[in-house]
Amino acid sequence: MSTAPNRRAVAVILLIPLMVTLALWAFAWPAARIAPRDLPVGVAGPASAAQQLEQRFEQRDGAFDVHRFDDEAAARTAIEDRTVYGAVVATPQGPHLLTASAASPVVSQLLREAVTASVPEDTEVRVTDVVAAPPGDPRGSALGASVLPLALAGMAAGAVVTLMGLRGARAAVTLVGAAALVGLAATAVAHSWLGALTGDWWTVAGVLALTVLAIGSAVAGLAALFGPRGIGLGALLMVLLGNPFSGVTSAPELLPEPVGAIGQWLPPGAGGSLLRSVAFFDGSAAGAAVLTLALWTLFGLAAVLFARRAPTPAEPVEPAREPALTG
């Protein structure tokens, strides 16, 4: 009896539990360890009162990155610019909490609980949602659920381009066209139908298309460099790590270190952050995410256009040309 089938069976038996364990680690571990880690928040008001508020935040060592502002107007501007997630303003009537549920409903609730717990029981904390989540998605559920479909769409585009044997400019045009159509379709659903996204319609569509293009180009580029194994590597980076490390359902600063930072350098995390910026904050703090998506797209398309790889089973192998006779 041949041992090759037996070896393959044993490999499958061992590989499946390993993949399940890796998936559980990637998805469950960050979710189970959500807590503030250098979370940017602000305090404002008279110097003595603001100093007391700052000390209360700093009592939780490493949890908050506190920014001082002169007054409530400056704190509101910082929230709208995505410099901080929220701020506490000291007033004669008591603390006034400014939040931005559009930036993260989870962080807004966390700040509400932290400020309420730090004041006497008979003190009322006034809360103002400076940048509120849209009525169509008040808990941010639709935005959080959008990252995985975008990652799967990019994965599918990159894998199909590879397995169909498309190369060079034809492959690049196919990736761009597929990403553009996904961006339009996704915006029609999330923006026009569900009302989960606001902001300029075409800008949102462009962000969604760029996210899919960055993922699809990266997968196709890895396949161009490493053959079909590159598709598996792309799935590991974009789906198994990129989706749970994105922080889009909570915030990157709530994930264990360095998961939050790693997620923002992968297209799913960068795409989620950029989508929040253009949908709710007029594009504030979008530069790093745009750069990340652009670099992944350029890397992928360059590999697709210029890398030499072995043909896939779907591609015919060109016969070698016989040398021309001379003389």
Notebook entry, point to check: Within the side chain of Arg139, is there an N or O that forms a donor-acceptor pair under 3.5 Å with the backbone of Pro105?
Noted result: no
Notebook entry, point to check: Do Val182 and Leu152 sit in the same hydrophobic cluster, where Ile, Leu, Val, Met, Phe, Trp and Tyr count as joined when their side-chain heavy atoms come under 4.5 Å apart?
Noted result: no
Using atom types as modelled, flag every donor-acceptor pair under 3.5 Å from a side chain in residues 52-65 to any protein atom, sequence neighbours excluded.
from  : atom 1 : to    : atom 2 : distance (Å)
Glu54 : OE1    : Arg68 : NH1    : 2.9
Asp65 : OD2    : His67 : NE2    : 3.4

Check: How far apart are the closest heavy atoms of Thr91 and His96, and which atoms are they?
Finding: CG2-CB, 4.2 Å
Next item on the list: Taking all non-hydrogen atoms of both residues into account, name the closest pair between Ser101 and Ala132 and its distance.
Entry: OG-CA, 3.3 Å
Check: Can you check whether Ala73's main-chain N or O pairs, donor with acceptor, with Thr77's side chain at less than 3.5 Å?
Finding: yes
Next item on the list: Enter the distance from Thr99:OG1 to Asp129:CG here, rounded to the nearest 0.5 Å.
Entry: 4.0 Å
Note to self: Show the nearest heavy-atom pair for residues Pro256 and Arg33, with the distance to one decimal.
What the structure shows: CG-CB, 3.5 Å
Checklist line | Student check: side-chain heavy atoms of Trp296 and Thr292 closer than 4.5 Å | finding: yes
Item checked: Euclidean distance, Ile34 CD1 relative to Trp29 CH2, rounded to 0.5 Å -> 12.0 Å
Item checked: Shortest non-hydrogen separation from Phe280 to Pro134 and the atoms involved -> CE2-CD, 3.5 Å
Check: Is the CG atom of Asp81 crowded by more than 12 outside heavy atoms at less than 6.0 Å?
Finding: yes
Note to self: Quick one, Phe245 with Leu237, criterion side-chain contact (heavy atoms from CB on, under 4.5 Å). Give me CA distance, side-chain angles, the key distance, then yes/no.
What the structure shows: CA-CA 10 Å; Phe245 287 13; Leu237 289 174; over 6 Å; no
Next item on the list: Test Leu110 against Tyr85 for side-chain contact (heavy atoms from CB on, under 4.5 Å), laying out the working first.
Entry: CA-CA 11 Å; Leu110 184 151; Tyr85 281 91; over 6 Å; no
Note to self: Using 0.5 Å steps for rounding, measure from the OG1 atom of Thr162 to the CZ atom of Arg167.
What the structure shows: 10.5 Å
Item checked: Verdict with supporting geometry, Glu72 and Arg76, salt bridge (charged side-chain N to carboxylate O under 4.0 Å, His left out) -> CA-CA 6 Å; Glu72 181 177 333; Arg76 285 176 175 267; 3.0 Å; yes
Margin query: Side chains of Val66 and Val41, heavy atoms from C-beta outward: is any pair under 4.5 Å?
Written below: yes
Side-chain polar contacts of residues 186-214 - donor-acceptor pairs under 3.5 angstrom, sequence neighbours left out - could you list them?
from   : atom 1 : to     : atom 2 : distance (Å)
Thr187 : OG1    : Gly183 : O      : 2.7
Thr187 : OG1    : Ala205 : N      : 3.4
His191 : NE2    : Gly199 : O      : 3.0
Ser192 : OG     : Trp201 : NE1    : 2.8
Thr198 : OG1    : Ala279 : O      : 2.6
Asp200 : OD2    : Trp202 : N      : 3.3
Asp200 : OD2    : Thr203 : N      : 2.9
Asp200 : OD2    : Thr203 : OG1    : 2.8
Thr211 : OG1    : Val207 : O      : 2.9

Check: Looking only at heavy atoms, what is the nearest atom pair of Phe299 and Ala218, with distance?
Finding: CE2-O, 4.3 Å
Margin query: Just so I know, are the side chains of Leu175 and Val161 near enough to count as touching, which here means a heavy-atom distance under 4.5 Å?
Written below: yes
Check: How many angstroms lie between CD1 in Ile13 and CG in Leu18, if you round to the nearest 0.5 Å?
Finding: 14.0 Å
Checklist line | Qualifying residues under salt bridge (charged side-chain N to carboxylate O under 4.0 Å, His left out), relative to Arg82, sequence neighbours excluded | finding: none
Next item on the list: Say whether Leu240 and Leu150 are linked into one hydrophobic cluster, either directly or through other cluster members, by side-chain heavy-atom distances under 4.5 angstrom.
Entry: no
Notebook entry, point to check: With a 4.5 Å heavy-atom cut-off, do Val131 and Glu80 have their side chains touching?
Noted result: yes
Check: Can you name the closest pair of heavy atoms from Ile79 and Ala87 and give their distance?
Finding: CD1-N, 4.0 Å
Notebook entry, point to check: Looking at side-chain heavy atoms only, is the closest gap between Leu255 and Arg37 below 4.5 Å?
Noted result: no
Notebook entry, point to check: Under 4.5 Å between any side-chain heavy atoms of Val127 and Val115, yes or no?
Noted result: no
Checklist line | side chain to side chain donor-acceptor pair (under 3.5 Å) partners of residues 236-250, not counting sequence neighbours, each pair once | finding: none
Checklist line | Worked check of side-chain contact (heavy atoms from CB on, under 4.5 Å) between Val248 and Leu275 | finding: CA-CA 10 Å; Val248 71; Leu275 187 59; over 6 Å; no
Checklist line | Linked, directly or transitively: Val239 and Leu163 (ILVMFWY side chains, under 4.5 Å) | finding: yes
Checklist line | Verify same cluster id: Leu148, Leu143 (apolar side-chain graph, 4.5 Å) | finding: no
Notebook entry, point to check: Taking only residues two or more places apart in sequence or in another chain, which ones pass side-chain hydrogen bond (donor to acceptor under 3.5 Å, both in side chains) with Glu113?
Noted result: Gln109
Next item on the list: Could you work out the complete set of other residues in the hydrophobic cluster of Leu295, with links drawn between I, L, V, M, F, W and Y side chains under 4.5 Å apart?
Entry: Leu291
Next item on the list: Report whether Val89 and Val125 are members of the same hydrophobic cluster (ILVMFWY, side-chain heavy atoms less than 4.5 Å apart, transitive linking).
Entry: no
Next item on the list: Report the distance from atom CG of Leu111 to atom OG1 of Thr116, rounding to the nearest 0.5 Å.
Entry: 10.0 Å
